[in-house]
Amino acid sequence: MPETGHNTQNARQLLVMMERIRAFEEHAILAAERDKLVLGAIHPSIGQEACAAGVMTHLKRADILLSTHRGHGHTLAKGADPLAMMRELLGRTGGCCGGKGGSMHIADFGVGMLGANGVVGANITIAAGAAHGIKILGQDHIVVDIFGDGAANRGPFLEGINWASVFDLPILFICEDNQYSATTRTSSVTGGPGVAARAEALGLRATVVDGNDAEAVAQVSGEIVARLRGGGGPEFLHAVTYRHTGHTSFDPGAYRPEGEADKEIAANDPIARQRAVLLAMGLGQDVLDAIHSEAQAEMEQVLADAAATPFPPDEAAFADVQDIGSPMQEAY
Amino acid sequence: MPETGHNTQNARQLLVMMERIRAFEEHAILAAERDKLVLGAIHPSIGQEACAAGVMTHLKRADILLSTHRGHGHTLAKGADPLAMMRELLGRTGGCCGGKGGSMHIADFGVGMLGANGVVGANITIAAGAAHGIKILGQDHIVVDIFGDGAANRGPFLEGINWASVFDLPILFICEDNQYSATTRTSSVTGGPGVAARAEALGLRATVVDGNDAEAVAQVSGEIVARLRGGGGPEFLHAVTYRHTGHTSFDPGAYRPEGEADKEIAANDPIARQRAVLLAMGLGQDVLDAIHSEAQAEMEQVLADAAATPFPPDEAAFADVQDIGSPMQEAY
Amino acid sequence: MVKMTYVEASRLAVQEAMTADETVWCVGEDLGRGSVFGQYLGLQAEFGKDRVVDTPISEAAIMGAAFGAAMVGTRPIVEMRFSDFALCATDELVNQIAKARFMFGGQSRAPMVIRKPIGLWRSSAAQHSQSLESWYVHIPGLVVLCPSTPQDNYSMMKAAIACDDPVVYLEHKNIWGLEGEVDTSLEVEIGAASRRREGDDVTIVSWSNTANLSVEAAETLAGQGISAEVIDLRALWPWDKQMVLDSVRKTGRLVVAHEAVAVGGFGAEVVATVAEHGEALKGPVRRLGAPRSLVAYAPNLEDKMRVTVDMIVTAAKETLGK
Amino acid sequence: MVKMTYVEASRLAVQEAMTADETVWCVGEDLGRGSVFGQYLGLQAEFGKDRVVDTPISEAAIMGAAFGAAMVGTRPIVEMRFSDFALCATDELVNQIAKARFMFGGQSRAPMVIRKPIGLWRSSAAQHSQSLESWYVHIPGLVVLCPSTPQDNYSMMKAAIACDDPVVYLEHKNIWGLEGEVDTSLEVEIGAASRRREGDDVTIVSWSNTANLSVEAAETLAGQGISAEVIDLRALWPWDKQMVLDSVRKTGRLVVAHEAVAVGGFGAEVVATVAEHGEALKGPVRRLGAPRSLVAYAPNLEDKMRVTVDMIVTAAKETLGK
Ligand SMILES: Cc1ncc(C[n+]2csc(CCOP(=O)(O)OP(=O)(O)O)c2C)c(N)n1
Ligand SMILES: Cc1ncc(C[n+]2csc(CCOP(=O)(O)OP(=O)(O)O)c2C)c(N)n1
Ligand SMILES: [Mg+2]
Ligand SMILES: [Mg+2]
């Protein structure tokens, strides 16, 4: 068991959040595969919950989060309502984006979650800009941007991180490294010693953490967030984890070496590891089981409720495009 | 005097090339300012000649070079005909691009010079691709790509260098660092320890050299080129120098701190330094003067000849766009 | 004649071209696993990792590097995955690839096929559904192709690979599984449209998947006694003005239909060209395209962006005053 | 009324807007030295480095960061230097900025002015001369403005900064020094065209610097007894269809002239729109734009890409059968 610096209450909260994320996504997959209610692609973060749970414990509502196509967990952990999220995945009224974005564009500005993004790496510059805006406005909250290992090979990685470095912005960039870029092993298409070295070369303090260890993520991200709130410059966190599923819920992930996934899941599932932490702290198996069942029950209900919600009114197809020259007045 | 590892003959060649580059650009500026024959912008490399002269001594005709908007020196050193180049700057028939590219797009494919580029940083990925093509074709020449310090803040820097790293391509990337990005001091907009660290973080071996010392540039680039020819992977060279003029020939460069340019020019002019090297080797001042006068006379003639050349035939406006759907058949 | 799908057709064309010419290679993300839609399935096994190259997620470098490799004498087939992501490589395509030959006074060539799957698929939302063919037509230096059938996706891919110009090759994401007979000996000349159906009453000009919908519409119209001629442009630059003008001269009525946003779409170019040629029309012109709004995730909202068979039928009847 | 140049006019508008609203700021390369054309001269001295921000050469980050800052409540003015370089930030503009509000179901706004100087200047060759306004008109979510006079560059810049939508603001590089009277109390409604000259015989529709050439052409035509009405659209989205249709109804003749490549240019949209509305014309329609070739460096070749006053005059006369 790692040195945690957390009490049981915190450790338990981490597990609860990870169980809720997993249950949410398991139900999202059911919605897609069993119920055929999700027509677009969903990218589950099953196996990667530690980062979402660990980092978000330190963020306030006014702090800002940006994420990727694999962003359900981050969004939920930032405080979004799972029912609004599930409605979004099903394209329904009351979805957090009114059913217009879907899984890849999940966002809840009310809790400071400014969006997942369908373009790999695109949020890196946007997040830097959100931090820039905060600085211009003289506000004191911070920004966290989470992206994948694949994004470190896109130009915006350099441009956005350099930007944060030059303007000394209150932002934490997190590379949630599940070791795959879709079906390609990221190490096979990535030069050099790794993403942390890239960030350092751009002037950021960089930390590497076991991204399957929720306690460790919570601890180091807590320290980083404290530095940011204290006026420290931008930082970088590299959290190594593993994607239990394929790239999308449709993808069996058959390109992975025989046995790799099984081994990783057996050894490094962040939920199993956090359960072990709690058992070692003295919590009973029954408590853990209850946490699990509650999360499952919550998300079962969420899915049922979302499925019972109507599709958006047709007029929504023309709303919120622009004020001037809006298609509501002039569509052609 | 630095350890050179060169004999007098080589040292003299370096001076000759630098004098020719400078004379070429001085005449280009005359053509622009005195004669009003150059209508577009030209970006002189006066003060930066050491890199062009030093590196190109090691390249064969079949080796490939790509450069930037500030590429006259590189192009001349790679073996291009100065008359064809000056005609290009004046937009004339017989210009190396038929008068269609001008200074910013100077290129001579016949000597392996695949183009300057008007978009900062754009050639980094293109150069990596040229090296990739060479590898696919099983050829054994190498590629050199030269860009400025400002280019290290553009996305293609990361993407192109990572590409070369991943595919282990025969390419040398050179950052010819004149310390300015147009009118902005590059250090003020660049995070981290420097461009060499960025290249290293992408997996390249990186070398830093005094970019005003032609001997030193020739020496280290000779070593690098030898490693590349021996099958070594891609490398990076950071050559620090100084731009004696403004950004373009129209720019007085008044934004530079009082005295900075004078001091740099007095202390670090690569031509003056190379003259000192040759004097120390025992060459007479008369020989140096002759080298200078010859270069000046050559380029005076080049300018006169270029100015006497006609503009391209009007039909050239429609030629070499594309074979299929060419504007020569169908312009609207 | 062999029966195959749209995706199989272009895959076969690529495979044959790679076999015939060692300098042809493919470059893009996840190609070793066939890419997103199976366009490259089996090719890495056959040709090796050096000719079917798995890349980092670096669209700018994929485009730029392929161009560099083309300048030194290879013939890359560039995969952009979704045409939307190709926007990350716009400088490379528009400022570099399209302009190099001209800027360098004819010294360089860029024989490249740039594949950018376009179009509405299913619940893919605004960043995975665009059709921007009109952008590329507006850029001198580029050839722009939009195949709509397995036969064309075979023959046009062959022609594109053989072409020495950069070709923007826009397959439609919704018809990968479309089946059809393919004659592998059939050559298509780039720029020649395909008259998918002959008719006398109204000319329907279209391309990409909307050409397939137009054929359906013509069948419906036939059932109502209206004889519609369907022209599938297939190539948008160069495009077959002559076939369109001749047909409009014959029918005196014009509908243009495409999936892209109507405003600033290539349909405007077609209508404007017909207008400039002063063809006398017997009825109003109709131009169908998406409204100037965005593609939403929810299926009912997504549907609002579609040009449907019904809409084409209605438009054709309107040109006839019905 | 104050006499000032085109560049001074927009600079004044920016300066006033920054004074009035603390959340307005400017971001781009070399702004502290005024940027390439002096558009920002003096502003950093007045407002400081935090509100007139000198950036790295990172177009993607300039655009992306400005967007992020807009989402949290600031109002950035984004300088792209040459519209050509803006292509390095196409994903940011088209996939992100234009789509965010819709994709996020109305949760976000992007009140941004994105300045992209367009057009032929002098011997700047193919990578520094483009006019791609038709691209942006085709992208839902964007407002597209093309001011052609000092007055408009003042009033429209004011309107653009006040607008809560992302505005693609296309100044023309060749007229920075153009002088004119500016009434700083004059407000321009985005989407309202400007009737630069009234006339009865032929309607000339244009925008950006070509609108200025069209006014000159109308003067020449007047000398030949032809009364031309010149409509300067100013805004391409939304655009003033009504003024164009009304004018064409009056004159019965139409010339559309712009500097961009004719094929796929916005002129096609104007001609197609008039055709769709079935306006009865008394003569052939003429559409002027650049040939589908590239801008060369040599001045004589560059000139081949220009739409000139003479060409507009000739086209107008052709519509009159003269
Ligand atoms: C610019 C761009 N290129 C390609 C894609 C297609 N794509 C979607 S997710 C993905 C893999 C991303 O890998 P990574 O950044 O590691 O995130 P992960 O999916 O592993 O969470 C790819 C290639 C995209 N969305 N955007
Ligand atoms: C993508 C892009 N952005 C901006 C410019 C305008 N510009 C031309 S040269 C230059 C400065 C480049 O600095 P650096 O890379 O250091 O090269 P140097 O001019 O110093 O040789 C700039 C900003 C451009 N050409 N391309
Ligand atoms: Mg990954
Ligand atoms: Mg520099």
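Proteins get letters first, then strands, A, B, ... in listed order; numbering begins at 1 in each. These values consider heavy atoms only, across backbone and side chains, with no hydrogens, waters or symmetry-generated copies.
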**Message:** So for D:A262, is it side chain, backbone, both, or neither that comes closer than 4.5 Å to the heavy atoms of chain C?
**Reply:**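 For D:A262, backbone heavy atoms alone lie under 4.5 Å from chain C.
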**Message:** Please classify the contact of D:A290 with chain C as side chain, backbone, both or neither, using a heavy-atom distance under 4.5 Å.
**Reply:**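 Contact with chain C is absent: no heavy atom of D:A290 under 4.5 Å.
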**Message:** Under 4.5 Å from any heavy atom of chain D, what part of C:A89 do you find: side chain, backbone, both or neither?
**Reply:**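 No part of C:A89 comes within 4.5 Å of chain D.
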**Prompt:** Is it the backbone or the side chain of C:A60 that comes under 4.5 Å from a heavy atom of chain D, or both, or neither?
**Reply:**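 Looking at C:A60, nothing touches chain D.
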**Item:** Side chain C:E276, main chain D:V285, donor-acceptor under 3.5 Å
**Value:**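 No; judged by distance alone, with no hydrogens or angles, the pair does not exist.
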**Under 3.5 Å donor-acceptor, D:D84 side chain and C:N95 backbone** =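 Not at all, since once roles are kept as given, no pair shorter than 3.5 Å links the two residues.
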**Item:** Within residues 115-139 of chain C, residues adjacent to chain D where the heavy-atom gap is under 4.5 Å
**Value:**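 C:A126, C:Q127, C:Q130, C:S131, C:L132, C:S134, C:W135, C:Y136, C:V137, C:H138, C:I139 fall under the 4.5 Å cut-off.
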**Request:** With a 4.5 Å heavy-atom cut-off (strictly below), which parts of residues 246-259 of chain C touch chain D? List them by number.
**Result:**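 Under the 4.5 Å heavy-atom cut-off, nothing qualifies.
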**Asked** In terms of heavy-atom pairs under 4.5 Å with chain C, which of D:P284, D:S293, D:C88, D:A275 leads?
**Response**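 Looking at each option in turn, the highest pair count goes to D:S293.
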**Asked** Looking at D:G265, D:G141, D:G278, which one has more heavy-atom pairs under 4.5 Å with chain C than the rest?
**Response**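 Heavy-atom pair counts peak at D:G265.
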**Message:** Is the shortest side-chain heavy-atom distance between C:R292 and D:W237 below 4.5 Å?
**Reply:**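 In short, these two side chains touch, coming nearer than 4.5 Å.
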**Request:** Find out whether D:V263 and C:E269 are in side-chain contact, i.e. whether some heavy atom of one side chain is under 4.5 Å from a heavy atom of the other.
**Result:**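 They are in contact (side-chain heavy atoms under 4.5 Å apart), so the answer is yes.
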**Item:** With C:K241 via side-chain hydrogen bond (donor to acceptor under 3.5 Å, both in side chains) - residues at least two apart
**Value:**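 Listed in chain order: B:E330.
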**Request:** Please say which of D:V94, D:D91, D:T90 ends up in a side-chain contact (heavy atoms from CB on, under 4.5 Å) with C:T90.
**Result:**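 When side-chain contact (heavy atoms from CB on, under 4.5 Å) is applied between C:T90 and each of D:V94, D:D91, D:T90, only D:T90 qualifies.
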**Request:** Anything in residues 202-209 of chain D with a heavy-atom distance to chain C below 4.5 Å? Please list those residues in order.
**Result:**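 Answer by number: none.
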**Asked** Can you tell which of C:L236, C:L93, C:V261, C:T273 has the highest number of heavy-atom pairs within less than 4.5 Å of chain D?
**Response**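 Of C:L236, C:L93, C:V261, C:T273, C:V261 has the most heavy-atom pairs under 4.5 Å with chain D.
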**Asked** Counting heavy-atom pairs under 4.5 Å to chain D, which of C:V271, C:L294, C:V295 comes out on top?
**Response**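 Greatest number of close heavy-atom pairs with chain D: C:L294.
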